[in-house]
Amino acid sequence: MAHSGHNVGKMSEETFEYICTPCDRENKTFEAVKYCVECKDYCCQSCIDIHKKYSTLIGHSFLDVGLGNQPGNQSTSLPEFPTERCSIHKGKIVDMYCETHGTVGCYACIAKDHNACPGNLIHSVPDMLHTLFNLSDFKQTQAHLTNMLAFMVTLSESTDARLEALNKAKHGTLGQIKKFQRVIESIFIEAANKSRKAVEEAYKKLEEEILQIKRNIDETRDELHAIDATMHKATAANRAHRFVCSKLAEKVMKEAANTKVKTEMNDNSGVEISFHPNQKLKDYIQGVNGIGEVQIATKKKNDLYKIKGSRDISIEVSSDTKRRYSRGCCLTDDHQLLVTDENNKKVKRFDTHTLTLIDDCILDSSPYGICCSDKQEVAVGCRSPHKIQFISIGKKMIPTRKIDTSHTCFGIAMKNDNLYVTDDNSSMYVYDMSGTKLRTITHDAAGNKLFTHSEHIAINKSRNRMFVGNYHDGFVCFDGIENHLSTIKDSDLRGQEGVCSDGRGNIFVAGNNSHNVVQFDEDGKKVGVVVKKEDGINSPTSNCFHQNTNRLYVTMWGSDILKMYELE
């Protein structure tokens, strides 16, 4: 009898229990002798031989016809065979499993790499499916894979951030070398000018001596000419006149002889001005390996920083009319330090190499937070009136465009071409660069209020995290898509206002009321207290970190001083 589901009208004089599926599609009837697992077709001997001719079909697995079924009426007991090809032994199916190592492979892989494993723990995949595998295992593996992919994406972004930081460090260091080179060159130019001045002074002194001698010679010559003329006239005069002229001539000749002697004694015709190089200086320069030492920091990511030294930087400007209240600071790409002065409505710019003021910029409202919006521009959060003020930071700082807001602009940060702005209250706002308000962040996913006093913002690129100071209630951590991860409180911190990143995965949080700076890792775990009150800090309001030099800059409430700490 023909198998159920076959078209009997297409059969020849003979009837077969299983017919060849590929042939059946061409209205030909041949008896099937095997079932192809990959094709899910019954095959006659001719079609089996065709499998051996084409590289894409080589290695397909065949079952006896009784173990398979025709398409459209498949048996629930049909054995399951894997179809994944071995990446090493091309064409062979990965259908073996080593339980000892928990790994799969083709027959050749298992025979080669697992020949020492117990035979009873080597299985054929189709044979062990019902005992060693279930659907929940697959779904769990899929979930783990999804998590691992997400982690690798984060890790890749972290590595990109490290490369970006490394590139900045390289260019920053090259800039430092160029700056120091100019200093050395200026010192050499000044030294060379001193040598040139010495030559000019030596020349002038000798020239004056020779000119004086020449003047004496010319005077004596003129006197000799005059007495000679007198003597010629006296030849026809009386004896008494000739006597007087002779004595006068003797006197002039005596003076001329003295001039001759002095001239010969001071004859400098053989004297030369010469230059003798400082050979020690030349030898020293030739012996040095560069104009300074290039160092690579080997600090582990979450080691506690320690203070190596500190400096006070005066933020006073002569044109200030009020007490200085600095509420924000940031570093530009070329490592200039920008500091806001709320009371005097100014942004002040400092050279981080010399720690001196470069210039200042007067605004029409009180500036709080500040961040770089691009290489030649910064964005400043202001109030009275409320706005985001942009400032060009070329040779001179010049206010440019602005974004008017309906709220106080306190902390400000740039991320993915968007500006994140806090209001020193219960919200954080997100604006695009055209000034469109994209969203307002006030609550977590459960509806809980996130902020009581939202303060400064730090972006941690190494894990794509964002941290926001929350004055009375710790600081708030968000992931890369603004999901609330945690709110961190710590007994060492009170009045969490300033936050910044070290670019390596650490966060510095400044405690305005606890008079300190505490270091946390990128997961919000406390590493330790970096700066204490006894280190000279009082009511810190903001902070920023210079990754190349490991310098931490801290502004302080109502102070003319900005603290710079060198960390290691």
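Bear in mind that the values here come from a model prediction, so they are computed numbers and not experimental data.
In terms of heavy atoms, Gly480 sits closest to Lys415 at O-NZ, 3.1 Å.
At most 12 non-hydrogen atoms from other residues, nucleotides or ligands lie less than 6.0 angstrom from CD of Glu84. Counting heavy atoms of neighbouring residues, nucleotides and ligands inside a 6.0 Å radius, atom CZ of Arg311 does not exceed 12 of them.
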task = Give the C-alpha distance, both sets of side-chain angles, the deciding distance and a yes or no for side chain to side chain donor-acceptor pair (under 3.5 Å) between Ser454 and Asp423.
result = CA-CA 6 Å; Ser454 53; Asp423 63 356; 3.1 Å; yes
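Of the charged side-chain nitrogens involved, at least one lies within less than 4.0 Å of a carboxylate oxygen, so that Asp364 and Lys387 count as a salt-bridged pair. Contact check on Lys449 versus Asp473 returns no salt bridge, with no Lys/Arg side-chain nitrogen under 4.0 Å from an Asp/Glu carboxylate oxygen. For Lys322 and Asp341, the salt-bridge test fails: no basic side-chain N is under 4.0 Å from an acidic carboxylate O. At a threshold of 4.0 Å, the pair Lys563-Asp312 counts as salt-bridged, since one of the basic side-chain nitrogens sits closer than that to a carboxylate oxygen. Contact check on Asp523 versus Arg465 returns a salt bridge, with a Lys/Arg side-chain nitrogen under 4.0 Å from an Asp/Glu carboxylate oxygen.
Rounding to the nearest 0.5 Å places CE of Met152 at 11.5 Å from CG of Leu145.
Partners of Glu185 under the side-chain contact (heavy atoms from CB on, under 4.5 Å) rule, at least two apart in sequence or in another chain, are Gln181, Arg182. Partners of His386 according to the ring-ring contact (aromatic ring centres under 6.0 Å, His included) rule, which considers only residues two or more places apart in sequence or in another chain, do not exist here. Residues that satisfy the side-chain hydrogen bond (donor to acceptor under 3.5 Å, both in side chains) test with Lys461, not counting sequence neighbours, are Glu164.
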Only pairs under 3.5 Å count here: list side-chain donor-acceptor contacts from residues 368-376, not counting sequence neighbours, and write none if there are none.
unit_1: Tyr368; atom_1: OH; unit_2: Glu342; atom_2: OE2; d: 3.4
unit_1: Tyr368; atom_1: OH; unit_2: Arg383; atom_2: NE; d: 2.6
unit_1: Tyr368; atom_1: OH; unit_2: Arg383; atom_2: NH1; d: 3.3
unit_1: Tyr368; atom_1: OH; unit_2: Arg383; atom_2: NH2; d: 3.2
unit_1: Ser373; atom_1: OG; unit_2: Glu377; atom_2: O; d: 3.2
unit_1: Ser373; atom_1: OG; unit_2: Glu377; atom_2: OE1; d: 3.0
unit_1: Asp374; atom_1: OD1; unit_2: Gln376; atom_2: N; d: 2.8
unit_1: Asp374; atom_1: OD1; unit_2: Glu377; atom_2: N; d: 2.8

Can you give each donor-acceptor pair under 3.5 Å made by side-chain atoms of residues 405-414, sequence neighbours left out, with the distance rounded to 0.1 Å?
unit_1: Thr405; atom_1: OG1; unit_2: His407; atom_2: O; d: 2.7
unit_1: His407; atom_1: NE2; unit_2: Tyr431; atom_2: OH; d: 2.7

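Side-chain contact of Ser426 with Thr442: a donor-acceptor pair under 3.5 Å is absent, judged by distance alone. Inspection of the Tyr471 and Asp424 side chains reveals no N or O donor paired with an N or O acceptor under 3.5 Å.
Applying the ring pair (Phe, Tyr, Trp, His ring centres under 6.0 Å) definition to pairs two or more places apart or across chains, those involving residues 544-568 are Tyr305-Phe545, Tyr325-Trp557, His335-His546, Phe508-Phe545.
Contact check for Phe520 versus Leu493: side-chain heavy atoms found under the 4.5 Å cut-off.
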